[in-house]
Peer 1: 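Please read through the structure below; I'll follow up with questions.
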Amino acid sequence: MAPPVTIESHLQRKLEYINEVIQNLGLESALNVFRLEIQDAGENPRTTRAGRIRRIIRNGDLVDGIADILDSPALKTQSAKTAIARDSILMDRVILPIVCTDFAAEIQALGKKITAPTNKITPEDLETFDIGALKDVIVSEAPHFFHVASHIARSGRNKDLDETTEEEEDTSMGEGSSGNGSESDPDYEPPSEEDEDEDDLLADGKEGKKKDRELMVIVALLILAMSYNKFANFLQCIVGYFFLTTGVPKRTTAVLSRMRITVSYETITRAVKRISDCLAREYRQCTKTELHVQTWDNMHRTYSVKKRLLHKSQHMSHETQPFILFMHPDSGLTEPLRMHTIDRTRATELNVHHFLLDYGHLKKVAAHHAFTVLWHKYTPDIQRILKAKNIPKPCFAPVYQLPIKKSCIYPLPTLKIDEGSIAGNLTVMNAIDKELGLNGDFYVDNNILQLTSGDWLTVRNTRKALCQRVECRSAADRREFVEPTIGPFHYQMAAQRCIMGNYWGSTKDISFLSKSAGLIRDNKVDITCKQFQQCDHLLNDIGKGHVLAYAIDFTGCHSIDEFGIWMKNNSWTKFWGMIEEIVERIFNPTLIQERRYEPGTTKKKKPGAPLALRDILMYQKLDACQKEGDVGRLEKVMKYFNVMFQGSNQFNYAKETIHLTACLELMPSWTFRESGSPQ
DNA sequence: GCTAGAGGGGTTATGCCTCG
DNA sequence: CGAGGCATAACCCCTCTAGC
């Protein structure tokens with residue numbers, strides 16, 4: 001079939017012809033001829049030919065010669081590759097050593113590129129860590145090995161790796177190592193298909209849980225690289241840092257470091273020290289020029305230490321943990337605040353009308369939250385009735401929404417100071433200034449307003465400390481530049497405590513929170529609200545339950561199933577009317593009174609589910625507007641809790657809410673009181 | 001029944017050795 | 001020559017048990 005070979009034929013055709021001739025002789029490949037010669041030389045060592053071959057092997061020409069043969073265009077044909085791959089002696093004795101030498105060189109070269117000396121590592125290395133970038137390094141430094149490893153892990157199947165023509169070793173290795181991979185071999189195909197099925201199953205069944213074979217290959221290669229060179233520890237360093245920061249026990253790290261999945265524990269601590277030094281330098285630099293908020297809070301720990309006391313007994317340790325907060329670079333808030341942006345004297349204008357509640361707004365928000373509860377339970381039904389009327393899903397328009405950006409937080413070294421006292425607070429402020437390398441004169445000279453933050457105790461003590469200093473001579477000593485502000489999170493905690501205190505009650509009454517907590521066997525929740533998250537979940541769940549209960553009550557249904565049927569057969573007007581009715585009931589004082597007392601008497605009926613629902617809906621709103629960054633709504637809902645705090649024993653919060661209202665509405669030269677969303 | 005101390009589990013710091 | 005890892009000291013905490 002093929003054209004006859006003549007002297008003018010193309011070189012490729014000539015080589016193919018030689019190949020054909022060798023195969024017709026039953027010798028399979030040119031390399032096989034060479035192998036037979038070596039064998040022959042072994043059997044008849046006294047011949048001159050054997051001596052020549054020994055010399056070739058001794059001089060190292062053999063490897064070069066084989067490599068030349070492998071590089072020859074003749075071996076680009078599939079039949080030649082198959083011939084080599086099938087020749088086990090040739091594979092084991094000749095090709096494998098050549099290939100392995102190349103692979104070792106690749107891995108060593110790779111090792112030089114991924115070092116991360118732990119006393120040179122920087123925070124940027126951690127931030128910019130990207131497994132994709134590591135893969136790029138691997139592909140550029142160890143392309144052949146990566147190719148082979150991908151083949152073994154069968155991660156590169158879908159890519160057209162088989163089309164590559166530049167490396168014969170790999171293709172032959174790949175086929176050779178996966179069981180003489182030719183089409184005729186029956187052992188080869190079935191596992192492949194089975195494997196593929198498993199892959200599909202994984203992809204269908206568990207979304208996002210598919211095996212990341214490429215990642216496995218990358219990690220395997222990086223571990224191999226570390227076996228040559230312990231300094232090739234980039235990935236291991238990152239993993240180790242992750243372990244240390246997530247509280248993995250040292251013994252676990254020790255085990256994994258033996259497998260070179262991480263570096264050793266000592267190395268990790270060195271890296272952590274180095275990183276903390278870097279960060280300290282960074283925040284010291286940034287605090288001089290950028291807007292930042294100094295936050296601190298106290299930590300009480302009980303120590304049971306023998307050595308530090310004469311008698312072994314528990315003692316309380318008071319420590320303070322300061323933080324520095326920077327705004328996100330994109331938020332546009334990087335300039336420090338200046339002194340003239342606030343006018344403290346305007347606080348005297350504070351009047352009772354600043355605390356009047358906007359009931360219309362609160363009702364609207366409550367209706368929205370009640371709607372959300374029903375939406376989550378009856379989404380298809382509500383969607384259907386919305387579609388029938390062709391109206392969009394009601395959503396609450398933000399009042400004044402700030403863009404939510406992640407701020408940058410640096411923890412400062414923990415101070416052995418109790419900030420519970422006024423003097424302690426001053427000490428904390430001085431210690432922070434010392435840590436940052438700033439002093440009072442810096443703020444005064446640059447006309448900078450320094451924000452501090454914390455819980456209400458911190459804020460109160462800071463302010464009292466400032467009051468004590470009012471007689472100092474210089475502005476720097478008076479610390480006039482300090483403006484304490486509160487974090488809404490502590491506000492929410494106080495609101496939670498207040499609600500819990502109001503409705504905790506006894507375990508005997510079904511409408512009290514303690515009964516509900518007991519019913520679901522939630523023993524982490526208590527009246528002190530030590531477990532914020534648990535209490536949060538309980539309040540939200542009870543809020544949902546109350547909304548549903550009200551809805552069932554209003555529609556005259558007797559069970560939740562009946563209400564489900566009602567939801568299927570109603571109109572939008574009836575549905576929304578029901579929600580408005582619920583809100584009206586919980587916000588109307590007359591209706592509440594009627595519910596609370598027996599008609600015409602002062603005898604109390606069962607206490608306040610409507611009030612509890614109202615407070616919980618307001619609490620949910622407080623939570624939601626914090627999450628959405630809606631300062632306008634926050635301001636309105638804070639007034640609701642302000643009134644509540646005034647009647648509670650949360651004295652600090654009662655007082656500070658008033659102060660906060662002045663801070664928000666009167667003192668600054670800017671305002672949050674725009675109507676509607678700024679965008 | 002109480003208590004001191006042994007002993008084991010665990011963490012952190014540091015000196016020293018090895019190896020790239 | 002310096003980074004990484006090992007061995008070890010120092011320390012804390014908890015539990016168990018012998019001895020009173």
Side-chain angles (χ1 to χ4, degrees), chain A residues 100-129 131 133-134 137-138 140-142 145-146 218-282 298-322 410-418 435:
Chain A
C100 287
T101 318
D102 277 4
F103 283 179
E106 280 188 356
I107 287 292
Q108 279 181 6
L110 172 68
K112 291 199 169 63
K113 293 277 171 166
I114 51 169
T115 56
T118 40
N119 52 5
K120 289 203 185 67
I121 196 166
T122 60
E124 285 77 40
D125 291 338
L126 294 178
E127 278 173 20
T128 56
F129 174 72
I131 203 83
L134 264 182
V137 175
I138 290 175
S140 72
E141 291 299 323
F145 202 171
F146 182 67
I218 291 170
V219 172
L221 256 68
L222 291 175
I223 291 175
L224 262 183
M226 208 183 180
S227 76
Y228 272 99
N229 180 353
K230 68 177 171 182
F231 300 102
N233 58 0
F234 189 46
L235 178 84
Q236 284 83 351
C237 228
I238 304 275
V239 172
Y241 187 80
F242 173 72
F243 280 3
L244 195 82
T245 49
T246 48
V248 172
K250 181 187 175 265
R251 56 194 185 282
T252 314
T253 312
V255 169
L256 293 177
S257 77
R258 305 297 303 158
M259 305 174 195
R260 287 295 183 270
I261 292 168
T262 75
V263 284
S264 73
Y265 187 78
E266 294 76 16
T267 312
I268 299 171
T269 53
R270 278 182 188 130
V272 169
K273 269 185 199 139
R274 159 79 187 175
I275 285 165
S276 81
D277 286 349
C278 279
L279 289 177
R281 216 174 306 133
E282 199 173 303
N298 49 0
M299 301 189 298
H300 298 309
R301 282 180 61 187
T302 312
Y303 286 101
S304 175
V305 182
K306 193 176 176 185
K307 288 285 162 89
R308 292 188 196 161
L309 294 171
L310 287 177
H311 302 288
K312 183 176 174 178
S313 65
Q314 294 196 336
H315 72 279
M316 192 71 119
S317 165
H318 304 282
E319 286 153 24
T320 303
Q321 177 64 59
Y410 294 89
L412 265 49
T414 310
L415 305 166
K416 281 221 158 187
I417 302 170
D418 179 13
E435 170 66 27

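Below, chain A is the first sequence line, B the second, and so on; all start at residue 1.
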Peer 1: Take atom CD of A:Glu266 and atom C1' of C:dG2, then tell me their distance rounded to the nearest Å.
Peer 2: 17 Å

Peer 1: So which atom in A:Cys237 and which in A:Val263 form the shortest heavy-atom distance, rounded to 0.1 Å?
Peer 2: CA-CG2, 4.1 Å

Peer 1: Would you tell me if any nitrogen or oxygen in the side chain of A:Thr267 comes within less than 4.0 Å of OP1 or OP2 on C:dG4?
Peer 2: no

Peer 1: Tell me the closest heavy-atom pair linking A:Asn233 and A:Met226, and the distance in Å.
Peer 2: CB-CE, 3.7 Å

Peer 1: To the nearest Å, how far apart are A:Asn233 CG and C:dG2 P?
Peer 2: 18 Å

Peer 1: Are the side chains of A:Leu235 and A:Ile223 in touch, meaning some heavy atoms are under 4.5 Å apart?
Peer 2: no

Peer 1: Output the rounded distance in Å from CE (A:Met226) to P (C:dA3).
Peer 2: 15 Å

Peer 1: Separation of A:Ile268 atom CD1 from C:dC6 atom P, in whole Å?
Peer 2: 12 Å

Peer 1: To the nearest Å, how far apart are A:Gln236 CD and C:dG4 P?
Peer 2: 12 Å

